[in-house]
Structures are given as C-alpha cells and as structure tokens.
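The structure is given below, and queries will be raised subsequently.
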Amino acid sequence: MQTESSNLLNPLELLKSSGIPKHLLYQSKIEVDHLICPICLNILWKPVACGQDKCFQSYCEVCINKWIQDQAGDVVLQESLYSQSLIVAPDSGSGSQYSSQSSSFSEMPQQIHVETTLPNCPKCKRPFKKTSIPIIHNLLDSIQLSCIYEECTTKPGYEQFQKHILQCPFRRINCSGCGLQQLQNELEQHENQCEQVTIECSKCFNKMSRKLFQIHSIDDCVQQQFNNKDNQIAQLYKKIEELNQKNQQLEQKICKMLKGDSFDTIHQFSFKTMFTQNYQFTGNQAIEAKLIRPSFNLQKQKNDFLHFYINHKIKTQAVQGIIWRMRIQTLKGNLLIGICSTLCHYSIDFIINKLGEIKRKEWNENKYKLLRKGNFTFSEGDTLTFQFMPLQQCLRITNENRHIVCRFEPTEIIEMGDSFFSFFSLENQGDSLIFI
Ligand SMILES: [Zn+2]
Ligand SMILES: [Zn+2]
Ligand SMILES: [Zn+2]
Ligand SMILES: [Zn+2]
Ligand SMILES: [Zn+2]
C-alpha cells in the first residue's frame with residue numbers, strides 16, 4: 001500500500017515546532033480554550049508559563065523559546081537566560097502536586113530571581129520569568145487525543161501521545177528501494193516485493209535491484225563469478241609480489257649477516273676486575289690495560305693469572321654480530337684469552353693460551369682441562385680481532401699479523417647460555433694490552 005506523502009504530518013517534526021493541532025483533540029471534560037498556546041494557537045505541548053503576578057500565561061516550550069530567541073537575537077544571551085530565569089511557581093505551596101508530576105517538571109521550580117533584562121512575555125509585556133503551573137499539566141493529562149494517522153483508532157492520552165505516534169502501526173516509513181512512504185506494519189511486505197529494493201545474489205554476490213535480479217541470468221551470474229575470481233587472483237598475485245619483495249630484502253639481510261659484513265663495533269670499552277690493586281686502565285679512545293702488580297702464588301711457586309673482563313654482555317641470541325680489537329702491547333709472561341658465562345664464580349670458562357691450547361673449566365672444578373691444540377699463537381706486537389657471529393654461534397679470533405684464526409665452536413657458545421663476557425688474564429708485571 002502506497003500513500004501520498006504530501007498531506008502527512010511527520011511525527012518527528014510535529015512536536016518540534018508547535019503544539020498539538022486542535023483537530024487532534026478527541027475528548028476533553030474541560031474547556032480546552034485554557035490549554036491553547038497563544039503563539040501557535042495549538043494545544044499546549046510541554047507548557048511553560050510566565051511567572052509574573054496576575055499573568056501566568058502558559059506557552060508551548062518550543063513556542064516561547066523561539067519567541068525569546070527572536071527577541072534576544074543572541075544565542076549566548078539566551079543560554080544565560082535559561083540558566084537564570086527559573087523561579088518558584090506561584091502555587092508551589094502544595095508540594096505534593098509537584099512530586100506527582102512527570103519527569104518533565106522535575107527540573108522546574110528553583111528560587112532564583114534575576115533582575116537582568118529579560119525578553120518580555122508576549123501577553124503581559126513584563127520580563128518573562130519561566131515557571132511551571134501544575135494545574136495546567138493536570139488538565140492536559142485529562143484530555144484524550146486522536147492519532148495523527150487517520151486509519152488509527154487508538155486514542156492516546158496527552159502523556160502517551162508522542163510515544164504513540166512514534167510507534168503507531170500506521171506510521172509511515174520510507175521504503176529502502178523506491179523511497180515511497182509505507183505503513184510501518186506493511187513495510188516488510190512491501191520491501192519483499194518492491195522492484196527497487198537492493199538484492200544481493202547469493203552466488204555471485206553482485207548487488208542489484210530486484211527488477212534487475214529478476215532478469216539476472218545464469219550466464220550473467222557465471223560471468224560475474226568469473227570476474228570475482230579474476231579479481232581475487234589479481235589480488236593474490238599482488239600479494240605474492242609484495243611477499244617476494246620482502247623475502248628478497250630479508251635474504252639480502254641474512255646473507256650480509258652470514259658473510260659477517262654486519263657487525264656492531266665495540267668502541268667504548270669499560271672493564272671490570274676484582275684485582276683493582278693490580279690492574280691499571282688508562283686512555284680514552286684506546287684503553288691500555290696493564291698489570292702493574294703481580295700476585296705470587298705460594299702453592300705454585302709462581303705468579304698467578306689475574307683476570308679482567310670487558311664489561312660488555314654479548315648476547316648469543318642476537319642477530320647483529322659484534323666485533324672488537326686488541327693489540328698486545330707488552331707480553332713477557334703468558335696471556336689467557338677467554339670467555340665466561342657470567343661474571344660470578346659459578347661460571348663456565350673457555351680459554352686460549354699462547355701455546356694455541358683451548359681449555360675448559362667448570363665452576364666446581366679447579367683446573368682447566370685441555371680440549372684441543374691448534375696452531376693459533378700470539379705474542380707481543382700482534383693485533384687480534386674478535387668477531388662474534390650469533391647466527392653461526394661462533395666466536396672467531398684472528399691474529400692479523402700472522403693470518404691465523406682460532407674459533408670457539410657453536411657447542412662451546414651454547415654452553416654460555418643467553419650471553420657471555422670476554423676476559424683476559426695477565427701474569428707478568430708490566431705486561432699490557434691495548435683495546436682499540
Ligand atoms: Zn505553541
Ligand atoms: Zn506574562
Ligand atoms: Zn496511531
Ligand atoms: Zn518500495
Ligand atoms: Zn548472480
């Protein structure tokens with residue numbers, strides 16, 4: 001069922017601009033002339049009254065607000081009026097009447113009296129002080145109204161009027177297809193038949209009007225499905241292309257790392273030792289670590305090895321490699337070059353000595369045990385480069401002067417756990433290493 005839209009009242013707009021049209025009054029036990037707004041000449045809607053003595057004229061809230069707005073001509077001023085113009089209603093002495101009022105009056109009577117220049121009441125021409133007259137509300141509550149839709153036989157009371165017209169089964173709603181107004185309770189039926197309502201084909205997912213859907217042939221549908229697949233494939237190709245590019249970048253990066261091209265260099269050396277009386281560290285850029293006082297071991301009847309650490313934690317699970325260099329400045333005694341799992345006593349240590357021996361010591365053992373012997377040696381004047389390659393789990397020490405290499409192997413690095421430190425032990429007074 002389609003209805004002319006022009007002569008219908010829009011329920012959402014109706015009560016925003018004026019009161020209730022008089023012809024909608026169905027039944028009233030009282031003289032309705034008292035309940036008419038002098039501005040719109042309709043039945044009062046959400047009335048507010050002039051608080052001036054002997055006036056008490058009621059107006060629709062929307063009507064008087066618009067009137068005040070027109071008078072003030074200034075929104076800012078108007079807002080301040082609203083917040084200041086509430087006064088006690090003249091007959092508020094009967095407090096119980098207020099408590100029985102609907103929520104729309106709950107905010108009403110407050111004893112604020114303002115002497116600023118208020119817009120005048122249209123009736124008494126004195127400043128309009130907004131108030132509420134409970135008797136007007138009671139009278140309005142007693143009237144019965146007709147629904148705005150002619151077909152509807154419901155006669156809502158004043159209080160239910162707005163709610164009813166928004167829910168009335170005869171309310172008109174626009175069809176999503178043709179846009180014509182339909183009765184609320186017939187909309188579904190109409191939309192199930194309307195040729196202009198949009199339908200999605202369940203096979204090709206194409207959206208079209210019902211009219212077109214009715215002539216949507218199998219050929220069209222299959223063609224559309226092919227098009228959809230083509231689009232999907234094109235998108236997948238694009239995605240593959242993107243992934244290939246990313247993959248290439250990653251491969252290049254990994255290659256670089258495996259070749260050992262990608263290293264962080266330790267430039268700022270700091271050292272840690274428990275033999276602070278024995279070692280001296282001097283210099284800024286290149287730091288010289290010098291054993292200035294040896295320690296004699298009575299049991300062994302010879303000098304002890306006294307170690308110091310590079311205070312730099314090397315992470316075994318890192319991605320980027322680490323490189324550092326050291327020159328053997330003076331070496332009359334022996335030198336142990338090692339790595340250890342922690343800086344405390346419960347550490348696993350591996351060392352290389354100048355005979356090319358690689359030895360291992362566990363924290364509960366007293367002695368280093370020989371693991372293997374190679375050709376790696378060093379002496380005074382040699383420069384050693386240390387390269388840790390985390391992807392290969394390998395620490396490679398190169399004697400640049402003699403072109404020989406020594407490695408701590410993956411199994412040895414794995415024993416270090418998450419990280420390790422490198423350390424050096426000198427034996428002979430005056431021997432020194434320079435970290436560059
Ligand atoms: Zn009005
Ligand atoms: Zn007045
Ligand atoms: Zn109705
Ligand atoms: Zn329609
Ligand atoms: Zn289709």
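As a basis for the values below, the full set of heavy atoms in this structure was taken, side chains included, without hydrogen atoms, waters or symmetry mates. As the structure lists them, so they are numbered: ligands from 1, and atoms in each ligand from 1. Here, residue 1 is the first one in the sequence, and each next residue gets the next number. Keep in mind it's a predicted model, so treat the numbers as computed, not measured.
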Item to complete: Any chance you could lay out the side chain to side chain donor-acceptor pair (under 3.5 Å) test for Ser176 and Glu191, step after step, and finish with the verdict?
Response: CA-CA 8 Å; Ser176 65; Glu191 287 194 335; 3.0 Å; yes

Discussion item. Quick check on the 6.0 Å ring-centre criterion: do Phe435 and Phe424 meet it?
Written reply: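 Yes, they do, as the ring centres are separated by less than 6.0 Å.
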
Practice prompt. Determine which of the N, O or S atoms in His216 is closest to the Zn ion (ligand 5) and give its atom name.
Written response: NE2

Worksheet item: Counting only heavy atoms not in Asp418, do more than 12 fall under 6.0 Å of its CG?
Response: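 It does not: Asp418 CG has 12 such atoms or fewer within range.
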
Discussion item. Only to 10 degrees, please: what angle do the SG atom of Cys147 and the SG atom of Cys168 make about the Zn ion (ligand 3)?
Written reply: 110°

Worksheet item: At the Zn ion (ligand 4), what is the angle formed between atom SG of Cys175 and atom NE2 of His190, rounded to the nearest 10°?
Response: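 That angle works out to 100° after rounding to 10°.
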
Fill in: OG1 on Thr154 to CD on Gln144, rounded to 0.5 Å
10.5 Å

Discussion item. Among the N/O/S atoms of His164, which is closest to the Zn ion (ligand 3)? Give the atom name.
Written reply: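 Of the nitrogen, oxygen and sulfur atoms in His164, the Zn ion (ligand 3) lies nearest to NE2.
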
